[in-house]
Amino acid sequence: MKHRILQIALDTPLDFCFDYRWSASAESAEPPLPGQLVVVPFGRREAVGVVIAVETQSEVPANKLKDVLALRAQLPPLSPQWLALCRFAADYYQRPLGEVAIPGLPKNLRAIKTVSLDRALKKIAKDAAMHDPAPRAMPPLNAAQQQAADAIAAAQGFAPMLLYGVTGSGKTEVYLQAAAQILARAEADGTAAQVLILVPEINLTPQLENNIRTRFPGVELATLHSGLAEGERLAQWLSVHLGRARIILGTRLAILASLPHLKLIIIDEEHDPSYKQQEGLRYSARDLAVWRAHQLAIPIVLGSATPSLESWQHAQSGRYRKLELRERAVRDAVLPRVRLINMERDKPAEGLTSTLVTALKQRLDRGEQSLLFLNRRGYSPVIACDACGWISNCTRCTAFMVLHKPEQRLRCHHCGCEQRIPRSCPTCGNVDLQPLGRGTQRVEEGLQQVFPQARIMRIDADSTRRKGSAQAAFDAVHRGEIDILIGTQMVAKGHDFRNLTLVGVLNPDTALFSHDYRASERLFAQLMQVAGRAGRAAQKEGGNPSEVWIQTRYPQHPLYAAVMAHDYDSFALGLLEERQHAGLPPFIYQALLRAESKELQTALDFLQEASRAIAYPAITINDPIPMSLTRVANVERAQLLVESASRPALQAFLREWMVALRGMKARVKWSLEVDPVDI
DNA sequence: AGCACGCCGACT
DNA sequence: GTCGGCGTGCTC
């Protein structure tokens with residue numbers, strides 16, 4: 001048979017594959033294989049697609065069928081397992097297969113013109129040669145670490161494990177030694193093995209990459225994240241796809257990579273919200289990773305000091321095996337003492353209570369470092385006129401314009417629009433406009449007044465806009481050139497500041513009363529994480545223990561009691577009980593239909609119609625409501641929550657629902673999110 | 001989503 | 001007279 005029909009997945013919103021004719025030619029007599037890339041004519045343009053199936057017939061009328069233009073034969077086919085992963089993700093998140101499979105491929109492979117893989121391959125070889133072996137032994141583990149590493153390495157088949165360890169307990173060492181054991185065993189057996197390590201944000205954990213390189217001399221390491229340049233991305237992706245890279249360090253997008261010899265998956269800080277993609281295909285890299293481990297029958301490690309309630313629940317029920325690290329890895333490094341400052345009694349000036357100022361002063365006198373955490377960038381979240389009540393609303397969004405003092409501008413954090421700070425009130429002319437509230441810039445300014453001699457640095461998205469500037473800033477802290485660091489959640493993650501003995505948390509209370517039921521879970525994780533920055537080195541003989549001070553107006557709140565006791569267990573138990581009573585995840589499953597339009601009513605009407613589109617048992621369809629941030633960039637947004645106690649029932653409903661919605665010819669832009677995290 | 005076609009308003 | 005606004009329809 002000289003002719004075949006190829007079913008091709010293309011990156012379009014159309015939810016089906018396209019059939020193309022393939023004819024044997026001089027250079028390729030054999031038909032293509034599923035998983036190969038092809039160039040095809042598509043409408044009036046050309047597109048790169050993935051071969052899904054090779055058939056002998058098509059249901060498409062012969063006069064509509066077009067010929068495949070080119071086969072990317074130089075690239076080994078993507079594996080059936082990879083195609084199955086894409087198919088699962090497409091099904092589960094209700095997106096077309098091509099939209100899952102294609103955008104994750106390097107741009108150079110998706111380009112119409114042929115690329116030279118040779119150049120990329122030479123680059124890989126050169127990079128590998130650059131890191132010559134300078135062999136270093138693994139540091140000794142404590143008993144709990146060793147037990148965990150051995151358990152991971154000894155696991156057979158699909159083995160999901162929750163590595164629950166306090167901050168600074170040395171989870172990374174456990175990952176690396178388990179990986180070393182698995183790689184060594186494969187080498188002894190003469191088989192190929194790859195270990196995938198996912199991290200929330202690669203730029204915030206630069207030590208890890210160096211750590212792996214020195215620990216695994218001669219072992220090829222690939223990194224996959226969105227910060228790579230195109231040529232680099234192709235080289236890294238190829239080294240993984242061709243099975244050369246043995247350790248793959250990546251962010252969430254790495255879970256969709258071709259990993260032909262995958263034998264172990266590790267997800268560091270598994271609770272971190274960054275594992276959820278928040279646009280396009282809204283996947284959870286953690287959930288896909290668990291599916292992938294199940295598919296390949298391999299172990300997967302979910303590591304955290306404050307696991308997601310989903311994973312914790314699985315560990316409690318026995319579905320995941322729980323491995324625990326209860327102590328800090330560095331001997332004599334103890335957990336910091338966490339205390340509260342009642343802001344009703346100790347009134348803050350410049351955002352700082354006298355207790356915190358005294359603690360900062362002590363650190364300055366002793367030559368130790370301090371970290372202040374405030375999850376709000378800018379100078380003040382809003383400016384207002386005392387005389388007439390005007391406030392700096394964004395004209396395009398239901399949000400305030402934030403004052404950015406260094407640039408002398410008001411800026412909307414949602415639509416990005418900016419303006420100069422008005423000299424006087426736009427409505428009444430009053431020249432005395434007041435900044436209300438406090439962001440990192442304002443705290444930095446206040447600190448400079450209180451401690452004029454101190455070396456103060458601010459780290460947030462604004463201060464680190466230029467590439468590499470975040471790294472430079474963190475390096476300065478590590479070199480001891482900074483006394484007081486003030487920052488947003490950027491400073492809470494991963495960094496191991498050895499001379500840091502004080503953490504101050506300035507204004508965490510807003511999350512206590514959020515409408516988002518996950519806010520307290522996130523706040524707890526954030527507080528534990530930032531508290532964990534203190535006291536990572538061994539405590540000096542007779543020295544003072546590290547301290548964490550939390551400024552709050554609600555010192556009686558149970559969340560703070562749990563943070564003070566470093567007691568995730570009972571905090572999680574309480575939250576899970578609440579969630580069960582309230583019928584919330586992880587006890588039920590959700591999907592969210594969003595609609596946007598110039599007119600709010602149009603969006604709500606569409607959702608109302610959608611809610612009546614089909615009837616289905618065991619499904620709760622709630623009323624459409626405007627989103628909490630209703631208008632962004634002059635677009636009104638509304639949403640409709642769908643719930644079920646059964647995941648299969650929800651999946652079956654969504655499949656039928658999507659068919660009905662696509663047939664509705666909506667006048668709005670709509671999208672579906674499965675397992676939403678921000679409601 | 002792209003990318004075309006198509007039918008009406010205001011510019012050199 | 002043309003340039004260009006975005007409604008509508010198609011992609012094997």
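In this text, all values refer to a predicted model and were calculated from it rather than measured experimentally. The chains referred to below are lettered A, B, ... by the order of the sequence lines, with proteins before strands, and numbering in each begins at 1.
A side-chain donor-acceptor contact under 3.5 Å links Asp678(A) and Gln278(A). Gln295(A) and Gln81(A) share no side-chain donor-acceptor pair at under 3.5 Å. For the residue pair Tyr92(A) / Arg87(A), no side-chain donor-acceptor distance below 3.5 Å is found, with atom types taken as modelled. Checked by atom type, the side-chain pair Ser311(A)/Glu270(A) shows a donor-acceptor distance below 3.5 Å. A donor and an acceptor atom, one from each side chain of Gln277(A) and Arg252(A), are located under 3.5 Å apart.
Going from atom OH of Tyr20(A) over to atom P of dC12(C) covers 5 Å, rounded to whole Å. As a whole-Å value, the separation of Arg45(A) CZ from dC10(C) P is 16 Å. Atom CG of Leu97(A) and atom P of dC12(C) are 18 Å apart (whole Å). We find that CD1 of Ile52(A) is positioned 17 Å from P of dC12(C), with the value rounded to whole Å. Atom NZ of Lys64(A) and atom C1' of dT11(C) are 8 Å apart (whole Å). Atom CZ of Phe18(A) is separated from atom C1' of dC12(C) by 7 Å (rounded to the nearest Å). Here dC12(C) presents its C1' atom at 11 Å from CG of Leu6(A), a figure rounded to the nearest Å. Taking atom CZ of Arg4(A) as the reference point, atom C1' of dC12(C) lies 18 Å away to the nearest angstrom.
Within 4.0 Å of Leu10(A), counting heavy atoms only, lies no atom of the nucleic acid at all. Within 4.0 Å (heavy atoms only), Phe42(A) reaches at least one base atom of the nucleic acid. Nucleic acid contact class of Pro41(A) (heavy atoms, under 4.0 Å, all strands): sugar-phosphate only.
The span of DNA chain B lying next to chain A, judged by atoms under 4.0 Å from heavy atoms, is bounded 5' to 3' by dA1(B) to dA4(B).
A donor-acceptor pair under 3.5 Å links the side-chain atoms of Tyr275(A) to the main chain of Leu198(A), judged by distance alone.
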I would like to know whether Val199(A) and Leu249(A) meet side-chain contact (heavy atoms from CB on, under 4.5 Å); could you show each step before the answer? CA-CA 7 Å; Val199(A) 293; Leu249(A) 178 64; 4.0 Å; yes
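Comparing Arg44(A) and Lys669(A) along DNA chain B, the residue whose closest nucleotide (by nearest heavy atom) sits nearer the 5' end is Lys669(A).
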